[in-house]
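Below is one structure, written out as structure tokens, with a few remarks after it.
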Amino acid sequence: MNPYYDKLLSAYESLREKTSFEPVTALVLGSGLGGYADEITVEDVVEYQDIDGFPVSTVPGHKGRFVFGYVKQTPVVVMQGRIHYYEGYDIHDVVLPIRLMKVLGAENLILTNAAGGIQEGMKPGDFMMIQDHITQFVPSPLVGPNVESLGERFPDMSQVYDPDIQKTMEQAASRLGIILKKGVYIQFTGPNFETPAEIRMAKALGASAVGMSTAVEAMAAKHMGMRIGGISVISNLASGISSNPLSHEEVQIAADEAAPYFKQLLTELIPML
Ligand code: HPA
């Protein structure tokens, strides 16, 4: 048997004892963005700690629960608080919730995060639609025995972020008058912020924004054939681009300020998927 699959199945069975809700779209809320869960018409809430074998988030400002409900008419599952590699979890555990949401029925996945801006002109409060990502600085969640029932051994990653979702996201933003920048997200392990030299490297590699999540989740989701969209809220300028030292508080404050626009964008987008 495959240990990752066994763990996924036992989490699935445990969750199904608590809810029979069938989501179409899954949403992961990043740092400071968890308040979006208040926008949905809630049907069920399941705490991560009540799911067998589930990793539990330890980051301040991150609640750890699945919220099931509706955005307008669309059935959604929302992760209010994600699992980060820097918390010390095995990378397979980091993506367990993503796999679980797919097994629950979700076909679309919208990933959100707070990120440091690298690209010229990026400023705190900007929204960046993720067009592609760099994950090579973080272990791959696909290493190890492949779970054939989830996806193939050597999945294609040439178009991780679904082109139709990208178009829809641009339409949603333009209807609302929200400016959507575009770019490449690079994931580092964290929990430390980067050095200026690391950010110069990331920029030379083509990264537009930097963070500590999302890309491995997108990789696991792509492996399973989900349609993926990604949005970064730029919470700060990356190390060395701004002269200020970076702090988690700064990230949360910027995310709080962006929250009203972020809510509008998601509420417009999700029913359009
Ligand atoms: N670096 C890494 N992760 C982050 C940042 C950053 O500057 N801002 C928010 N998450």
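Computed from a predicted structure; not experimentally measured.
A donor-acceptor pair is defined here as one N or O able to donate and one able to accept, closer than 3.5 Å; no such pair exists between the side chain of S235 and the backbone of A254. Using a distance-only test at 3.5 Å, with no hydrogens or angles considered, no donor-acceptor pair links the side chain of T74 to the main chain of Y70. Judged by distance alone, with hydrogens and angles left aside, the side-chain atoms of R65 form no donor-acceptor pair with the main-chain N or O of G81 at under 3.5 Å. Looking only at distances, no side-chain donor or acceptor of S232 sits under 3.5 Å from a matching main-chain atom of I234. Checking side-chain atoms of Y185 against main-chain N and O of S213 turns up a donor-acceptor pair under 3.5 Å. With Q166 contributing its side chain and G229 its backbone, the two residues share no donor-acceptor pair below 3.5 Å. Of the possible donor and acceptor atoms, none in the side chain of T25 sits under 3.5 Å from a partner among the backbone N and O of V76. The closest donor-acceptor contact from the side chain of Q187 to the backbone of A215 lies under 3.5 Å.
Counting heavy atoms from C-beta outward, L15 and D50 have side chains that stay 4.5 Å or more apart. Side-chain atoms of P271 and Q73, non-hydrogen and from C-beta on, never get closer than 4.5 Å to each other.
Residues R99 and L142 approach most closely at NH2-CD2, 3.5 Å, considering heavy atoms. Pairing each heavy atom of V78 with each of A37, the nearest pair is CG1-CB, 4.5 Å. Closest non-hydrogen pair, T19 versus V46, comes out as CG2-CG2, 4.3 Å. Heavy atoms only, all atoms of each residue included: E47 and G64 are closest at OE1-O, 3.5 Å. Summarising the geometry of L237 relative to L246, their closest heavy-atom pair is O-CD2, 3.6 Å, with the distance given to 0.1 Å. Minimum interatomic distance between R82 and E87 (heavy atoms only, all atoms of both residues): O-OE2, 4.0 Å.
Ring pair F188/F193: centre-to-centre distance not below 6.0 Å. Under the 6.0 Å cut-off for aromatic ring centres, F127 and Y261 do not qualify, their centroids lying 6.0 Å or more apart.
One finds no salt bridge joining R227 and E107 here, because no Lys/Arg side-chain nitrogen approaches an Asp/Glu carboxylate oxygen to under 4.0 Å. Checked for salt-bridge contact, E120 and K203 meet the test: a charged N lies under 4.0 Å from a carboxylate O. Ionic pairing of D38 and K263 is not present here: no N-O contact between side-chain nitrogen and carboxylate oxygen is shorter than 4.0 angstrom.
The number of heavy-atom neighbours closer than 6.0 Å to NZ of K182, taken from other residues, nucleotides and ligands shown, is 12 or below.
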### Message
Evaluate Y36 against T112 for side chain to side chain donor-acceptor pair (under 3.5 Å), listing each step before the verdict.
### Response
CA-CA 11 Å; Y36 185 74; T112 72; over 6 Å; no
### Message
For a ring pair (Phe, Tyr, Trp, His ring centres under 6.0 Å) check, start with the C-alpha distance between Y12 and Y5, then their side-chain angles and the critical distance, and finish with the verdict.
### Response
CA-CA 10 Å; Y12 174 76; Y5 195 50; over 10 Å; no
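Linking Ile, Leu, Val, Met, Phe, Trp and Tyr residues whenever their side-chain heavy atoms come within less than 4.5 Å leaves V184 and I228 in two separate clusters.
Considering CD1 of I241 and CD of E194, their distance stands at 10.0 Å, rounded to 0.5 Å. If you take CG on L96 and CE on M101, they are separated by 10.0 Å, rounding to the nearest 0.5 Å.
Below 30°, between 30° and 60°, or above 60°: for Y4 and H92 the angle between ring planes is below 30°, a parallel geometry. Y86 and H84 have parallel rings, their planes meeting at less than 30° on a 0 to 90° scale where 60° marks the start of perpendicular.
Contacts classified as side-chain hydrogen bond (donor to acceptor under 3.5 Å, both in side chains) and involving residues 121-142 (residues at least two apart or in different chains) are given here: K123-D126, D126-K181, H133-Y161.
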